[in-house]
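Model, not experiment: these values are computed from the prediction.
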Amino acid sequence: MPQSKNRPRHHQHHPHAGAPHPHTSRRKTSPVIIAVLFFALFGLGISYFVSGSSKLAMLIGTIIGGAAGYLFGQQINQAFTKK
């Protein structure tokens, strides 16, 4: 079938970036959460054995352990997500 001379000519398609899609392979648990829990329990255990059953010392040990776990978890998270 003959083509019409008035019909527009075919043009090349230019590639484009698609629409942003949510990242589906996101982990359910973060290394930060796991490290905070582990270090908080570890700090609780150490403070229990060092000071006996003093609740204030166990609370302080848990808080210090949780803070150390947070910092350690952040370092692990940065190492895992580095590309």
Side-chain angles (χ1 to χ4, degrees):
M1 177 179 239
Q3 290 186 353
S4 169
K5 293 187 186 217
N6 295 332
R7 192 168 96 183
R9 299 282 179 217
H10 180 73
H11 63 280
Q12 294 292 331
H13 292 280
H14 300 287
H16 63 281
H21 297 288
H23 192 60
T24 57
S25 67
R26 186 161 173 94
R27 289 177 281 203
K28 300 276 186 202
T29 58
S30 172
V32 176
I33 295 170
I34 295 170
V36 166
L37 291 175
F38 178 75
F39 277 81
L41 287 174
F42 192 70
L44 177 68
I46 288 176
S47 65
Y48 177 76
F49 286 117
V50 169
S51 69
S53 61
S54 172
K55 292 184 184 197
L56 180 63
M58 288 193 300
L59 179 66
I60 292 172
T62 304
I63 291 172
I64 291 172
Y70 177 77
L71 296 174
F72 185 72
Q74 286 291 332
Q75 292 296 320
I76 290 175
N77 199 16
Q78 287 177 0
F80 282 157
T81 58
K82 188 182 243 185
K83 291 183 181 183

Please output the side-chain donor-acceptor pairs of residues 38-67 that fall under 3.5 Å, not counting sequence neighbours, one pair per line with the distance.
from	atom 1	to	atom 2	distance (Å)
S47	OG	G43	O	3.1
S47	OG	L44	O	2.9
S51	OG	S47	O	2.7
T62	OG1	M58	O	2.7

Checklist outcome for this item: One should read off an interatomic distance between T81 OG1 and I76 CD1, to the nearest 0.5 angstrom, of 11.5 Å
Item to check | Exercise: identify the closest heavy-atom pair between G69 and V36 | outcome: C-CG2, 3.8 Å
Checklist entry - By side-chain contact (heavy atoms from CB on, under 4.5 Å), which residues pair with Q74, not counting sequence neighbours? => result V32, Y70
